[in-house]
Amino acid sequence: MTVAVSGPTRGAFVHLRPLMASDHEWAELFLSTEALHPLQPLRGRTPSPAGLHDALWAGVLAQYIVVANQTGQACGIVRAHSSDPQSASVYVDVLLRPDLAATGFALEGWFLLVDHLFDHFPFRVVRMEVPEFAWSSFASADRLLLVDEGRLVEHLWHRGRYWDVLIRALPRAVWEERRSLFLPALSSATDP
Amino acid sequence: VGLSLGPTLLGRAAFLAEVASTVRRPGPLPDDVPLEVLGFDAVERHLLLALLARNGAVLDETAAWALVTLGDAYERYALEAVDLR
């Protein structure tokens, strides 16, 4: 059965496809690649088959494979987890192939997930926790989109030293103001 | 290689014609380009791709690779068009 993807989970460059049980082996291989293995959810581990299910799904609210529209190539995984109804907040992880993230191409998956979360849940804010060593390629988001909420000092051991973990927030109001800049398919769909 | 630029867009800025010719040029992927020397990070590059898409470009992964190699001219246009700085 073919399921057409449309609406907020489809952007100009990529679309989001739910991660399914049949994707688990691929997901473990993908998340074990050098650049992504230190990050959540694996954090350097190669869990047992039963543990892999927990690693991929514990606390997850929504989880998608980012797929390129033109080629069908998997660009990465974006996931929302640790939602908290009292604070109306949720955390997201963005795990993309480094080459496709560097060009900005696959980042649309991140923004599609954010849009989906604000669209379907009454969250006030979407947060990220990112190790300092993984943030340099995305640092302009501090100026363009995100609020600096501080850091966990020397929180994560990686390659022989402790690194800070940066805490960044995207408030709903900021996203609603700027979403059409980051999701061109949205603006073209709503233009007269 | 997946980039489709409409005549209106091509007429708006000379450098976009350069974009089109570069992207359509056959050859290997520029995977040896040190992206960090171009001055933009991944989020800014996404904004630039989004700007082109909003103006009618259809981009795939290969076209995105080619676009980020254009460097300075690409940056200058984008900074004028995306007034966020």
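These numbers come from the heavy atoms of this one structure, side chains and all, not from hydrogens, waters or symmetry mates. The chains referred to below are lettered A, B, ... by the order of the sequence lines, with proteins before strands, and numbering in each begins at 1.
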Checklist line | Minimal non-hydrogen separation, A/Ala101 against B/Ala42, with atom names | finding: O-CB, 3.0 Å

Notebook entry, point to check: Is it true that A/Val66 and A/Tyr64 fall in one hydrophobic cluster, defined by side-chain heavy atoms closer than 4.5 Å?
Noted result: yes

Notebook entry, point to check: Which heavy-atom pair separates B/Ala50 from A/Pro184 by the least distance, and what is that distance?
Noted result: O-CB, 3.3 Å

Margin query: List the residues meeting salt bridge (Lys or Arg N to Asp or Glu O under 4.0 Å) with A/Arg151, not counting sequence neighbours, and say none if there are none.
Written below: A/Glu132, A/Asp164

Next item on the list: Anything in residues 41-54 of chain A with a heavy-atom distance to chain B below 4.5 Å? Please list those residues in order.
Entry: none

Note to self: Hydrophobic clusters here meaning ILVMFWY residues chained together by side-chain heavy-atom distances under 4.5 Å, can you tell me if A/Leu107 and A/Tyr91 are in one?
What the structure shows: no

Note to self: Tell me if the CD atom of A/Glu25 is crowded by more than 12 foreign heavy atoms within 6.0 Å.
What the structure shows: no

Note to self: Is any side-chain heavy atom of B/Val43 closer than 4.5 Å to one of A/Leu145?
What the structure shows: no

Next item on the list: Please state whether the rings of A/Phe111 and B/His46 are parallel, tilted or perpendicular, taking 30° and 60° as the class boundaries.
Entry: tilted

Margin query: Tell me if the CZ atom of A/Arg159 is crowded by more than 12 foreign heavy atoms within 6.0 Å.
Written below: no

Next item on the list: Examine whether an atom of A/Ala139 lies under 4.5 Å from a heavy atom of chain B, and if so say whether it belongs to the side chain, the backbone or both; otherwise answer neither.
Entry: both

Next item on the list: Could you list who else is in A/Trp157's hydrophobic cluster, with ILVMFWY side chains joined at under 4.5 Å, directly or through other members?
Entry: A/Tyr162

Margin query: Through direct or indirect side-chain contacts below 4.5 angstrom among Ile, Leu, Val, Met, Phe, Trp and Tyr, which residues connect to A/Val125?
Written below: none

Notebook entry, point to check: Would a hydrophobic clustering, with Ile, Leu, Val, Met, Phe, Trp and Tyr connected at side-chain separations under 4.5 Å, put A/Leu112 with A/Leu95?
Noted result: no

